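As the structure is a prediction and not an experimental result, all values here were calculated from the model. Proteins get letters first, then strands, A, B, ... in listed order; numbering begins at 1 in each.
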Amino acid sequence: MEDLDNLYELFDQYFFNTLDETEKKAFEQRLSENAEFKEEYELYLDLVAGIKLASEDHLRQKLMDTDNTILPVKTSSFPRYLYLVAAAVAILIISSLIVVWITQKSSLTDEKMITKEQDKDAVPPDKQEKIIDKKEGQEKPEQKPGSDKTMNDEKYLAVNYYKEYYESYPNNLIPKSRGGIPEELLPRAMYYYDQKDFVASSEILATLYNSEPNNPDYLFYYAICQMELYNFKDAEKLFKKLLDSGNTKYQFQSMWYLSLAYIENKNFKAAGKLLEELAGTQNPYKDKAQSLLNEISQSNK
Amino acid sequence: MEPSELITEIKKGNEQVLCEFYAKYRNNFLSYAIKRYNLNIEILKEVYQDAILAIRNNIVNERLCVFTCHPRTYLFEVCNHLIGKELRKNKREVPFPEHLEYTCADDNENIHSKMEISERQEIIRQEMKKLGDKCFQLLYLFYFEKKRMEEIAEILHYRNVDSAKSSKHNCMQRLKENILEKRSHFNLQ
């Protein structure tokens with residue numbers, strides 16, 4: 001057989017499909033007739049496959065190195081059903097404690113209050129000083145050195161508010177499809193929306209919105225999809241656009257979801273303003289807005 | 001960055017752009033997928049990396065020349081395909097969008113970057129890593145980045161194309177010899 005340099009150059013040409021038709025036919029005929037040639041080509045194919053695998057490993061390592069530069073996603077390894085069990089147990093314990101507290105409330109005497117006072121006296125003098133200072137509002141709560149309110153704290157709070165207050169908005173546009181995937185764009189988008197496939201839904205809603213930018217339905221559900229996909233910057237822009245349009249169909253909904261998007265984007269000031277507006281008027285989000293406002297102001301204390 | 005620019009840069013082998021694309025949507029994807037599929041985060045991280053590599057391979061192999069949707073949407077769709085494969089592998093009974101069911105067939109090579117790996121390929125994979133930097137880079141650029149020998153000669157500062165070609169053949173020869181040596185050692189076929 002010819003020397004390996006020429007042979008591997010020929011293999012490369014066949015592999016990368018740069019041979020002309022005649023050369024290609026000749027190559028394939030040689031493959032079918034010459035066992036040694038075929039064996040050599042099979043080894044070549046394995047070499048190329050192995051090179052690609054090692055190359056992918058190299059690139060994958062680079063991606064993994066990138067992971068270290070990204071903030072971790074807050075998750076829990078706790079299975080979902082255990083949350084339900086934990087919640088049930090917590091409710092049980094809390095209810096029992098309330099019952100015990102109510103029944104024993106009457107037996108709470110001044111004696112206990114006196115004991116508390118004595119306990120307070122037992123605090124070492126240096127700590128007592130701090131307690132007194134705190135009472136007088138001269139000492140701030142203890143914080144980690146060098147941090148006033150760190151980015152991570154804010155992110156953590158934002159994630160918590162979101163988890164606590166975010167609820168998927170129902171599909172009030174198109175009744176749930178019982179058959180297959182609808183042909184028309186809007187029913188199709190809402191079909192995916194019901195399936196919680198917000199990537200597909202968002203894609204179609206974006207098309208609809210671009211073709212009819214003044215349609216509040218398209219804009220609102222497109223914005224909700226962005227919330228579901230955690231694209232809070234885009235969601236913020238879209239809800240603002242809807243509110244600026246002057247169309248009131250989704251006014252309160254947009255204000256509520258926009259405030260959540262603001263919180264996720266760590267713009268607590270803008271969120272507070274919107275929440276105050278919601279809490280101050282009659283609308284379905286009044287109570288939630290007040291409760292969220294209270295929580296934010298509590299955490300700021 | 002414009003989607004067309006993203007494709008051009010990835011095709012050029014710009015690893016920094018690929019890593020930025022990877023980083024940009026990683027947490028978005030993980031948050032979305034954790035909420036939706038209830039899969040272990042380590043599996044989802046691997047799926048996300050596989051999806052990025054699959055997109056990169058499709059671009060380099062010219063199967064993906066233009067994004068017909070937002071790159072993020074394309075990326076998430078590829079992730080959904082791979083998750084579908086993962087769920088099927090584990091026979092998990094979880095709700096899965098109908099329209100994705102059709103596209104999760106195992107023969108969809110355009111999407112799945114992972115393939116069956118033979119024992120010989122696995123040995124080559126390990127031997128390739130022992131070849132030394134210069135050989136690794138040369139073979140990486142030629143077979144993985146699909147760069148022409150003229151470009152490779154320039155990137156790796158060879159005197160000329162012939163010199164780069166000769167080095168490539170030497171590297172292939174060394175790799176082949178190492179494999180045959182291993183094969184005779186382990187009596188592998």
Side-chain angles (χ1 to χ4, degrees), chain A residues 3-9 11-12 15-16 40 42-60 62-67 69-77 79-80 159 180-181 188 191-192 195-200 202-203 206-207 228-232 234, chain B residues 15 18-20 22-23 26-28 30-32 34-36 38 40-41 45 48-50 52-53 56-57 69-70 72-73 76-77 80 95 97-100 113 115 117-118 120-129 136 139-140 142-146 165-166 168-169 172-173 175-176 179-180:
Chain A
D3 78 58
L4 203 69
D5 282 11
N6 293 336
L7 198 61
Y8 271 43
E9 198 162 341
F11 288 162
D12 283 341
F15 185 78
F16 288 114
E40 197 63 49
E42 278 168 0
L43 175 60
Y44 165 87
L45 287 179
D46 276 349
L47 284 170
V48 173
I51 290 167
K52 284 185 174 175
L53 286 169
S55 302
E56 271 197 9
D57 291 345
H58 168 79
L59 200 52
R60 194 182 289 273
K62 290 212 162 174
L63 296 178
M64 281 155 88
D65 293 343
T66 311
D67 280 353
T69 65
I70 311 171
L71 276 173
V73 173
K74 286 187 184 299
T75 58
S76 166
S77 54
R80 208 177 279 171
V159 169
I181 306 170
R188 197 178 177 91
Y191 166 84
Y192 290 135
Q195 296 275 318
K196 300 204 176 301
D197 187 352
F198 297 106
V199 176
S202 163
E203 187 70 14
T207 312
E228 293 286 351
L229 293 170
Y230 287 53
N231 297 328
F232 300 110
D234 291 344
Chain B
E15 288 176 358
L18 187 74
C19 288
E20 280 168 13
Y22 169 85
R26 179 182 171 274
N27 281 1
N28 274 0
L30 292 178
S31 311
Y32 151 77
I34 287 166
K35 203 171 141 191
R36 177 162 176 198
N38 204 17
N40 181 301
I41 190 161
K45 280 182 190 171
Y48 187 70
Q49 283 174 4
D50 287 346
I52 291 282
L53 290 176
R56 178 247 164 237
N57 291 345
C69 56
H70 195 286
R72 182 191 60 230
T73 309
F76 275 40
E77 283 288 291
N80 280 332
E98 242 175 73
H99 77 292
L100 288 176
S113 65
M115 50 189 154
I117 302 168
S118 72
R120 187 157 76 174
Q121 287 168 357
E122 185 54 49
I123 294 171
I124 297 166
R125 179 192 211 165
Q126 300 309 326
E127 287 302 314
M128 166 80 176
K129 291 172 188 170
F136 186 95
L139 298 179
Y140 178 90
F142 188 76
Y143 289 105
F144 194 60
E145 294 281 348
K146 300 217 156 87
K165 276 185 183 172
S166 157
K168 176 183 158 277
H169 290 304
M172 282 299 265
Q173 181 64 30
L175 189 58
K176 186 183 158 186
I179 308 310
L180 294 177

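Expressed to the nearest 0.5 Å, how far NZ of A/Lys196 lies from OH of B/Tyr32 amounts to 11.5 Å. Here CD of B/Gln121 is found 9.0 Å from CG of A/Leu45. Values are rounded to the nearest 0.5 Å. Rounded to the nearest 0.5 Å, atoms CE (A/Met64) and CD (B/Gln49) are 5.5 Å apart. Of the inter-residue distances, the one linking A/Asp46 atom CG with B/Ile124 atom CD1 reads 5.0 Å to the nearest 0.5 angstrom.
B/Lys129 has its side chain within reach of A/Asp57: a pair of non-hydrogen atoms, C-beta onward, lies under 4.5 Å apart. Side-chain contact check for A/Ile51 versus B/Met172: some heavy-atom pair is nearer than 4.5 Å. Residues B/Glu20 and A/Thr66 are not in side-chain contact: their nearest non-hydrogen atoms beyond the backbone lie 4.5 Å or more apart. Side-chain contact between A/Glu56 and B/Phe144 is present, with heavy atoms from C-beta onward closer than 4.5 Å.
Across all non-hydrogen atoms, the minimal contact from A/Ala54 to B/Phe136 is O-CZ, 3.8 Å.
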Let me see the working for A/His58 and B/Met128 under side-chain contact (heavy atoms from CB on, under 4.5 Å), right down to the final yes or no. CA-CA 11 Å; A/His58 168 79; B/Met128 166 80 176; over 6 Å; no

The test is salt bridge (charged side-chain N to carboxylate O under 4.0 Å, His left out); show your working for B/Lys168 and A/Asp12 and say whether it passes. CA-CA 12 Å; B/Lys168 176 183 158 277; A/Asp12 283 341; 2.6 Å; yes

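If you measure heavy-atom distances from A/Lys62 to chain B, the contacts under 4.5 Å come from both the backbone and the side chain. For B/Tyr140, the parts lying near chain A are the backbone and the side chain together; criterion is any non-hydrogen pair under 4.5 Å. Neither the backbone nor the side chain of B/Tyr48 has a heavy atom closer than 4.5 Å to any heavy atom of chain A.
Between A/Phe16 and B/Tyr143, the two ring planes are parallel [angle under 30°; tilted spans 30° to 60°].
Contact count against chain B (heavy-atom pairs under 4.5 Å) is highest for A/Leu63 among A/Leu63, A/Leu59, A/Val199, A/Asn231.
For B/Glu145, there are no side-chain hydrogen bond (donor to acceptor under 3.5 Å, both in side chains) partners, not counting sequence neighbours. Scanning for side-chain hydrogen bond (donor to acceptor under 3.5 Å, both in side chains) contacts around B/Lys146 gives B/Asn61, with sequence neighbours left out.
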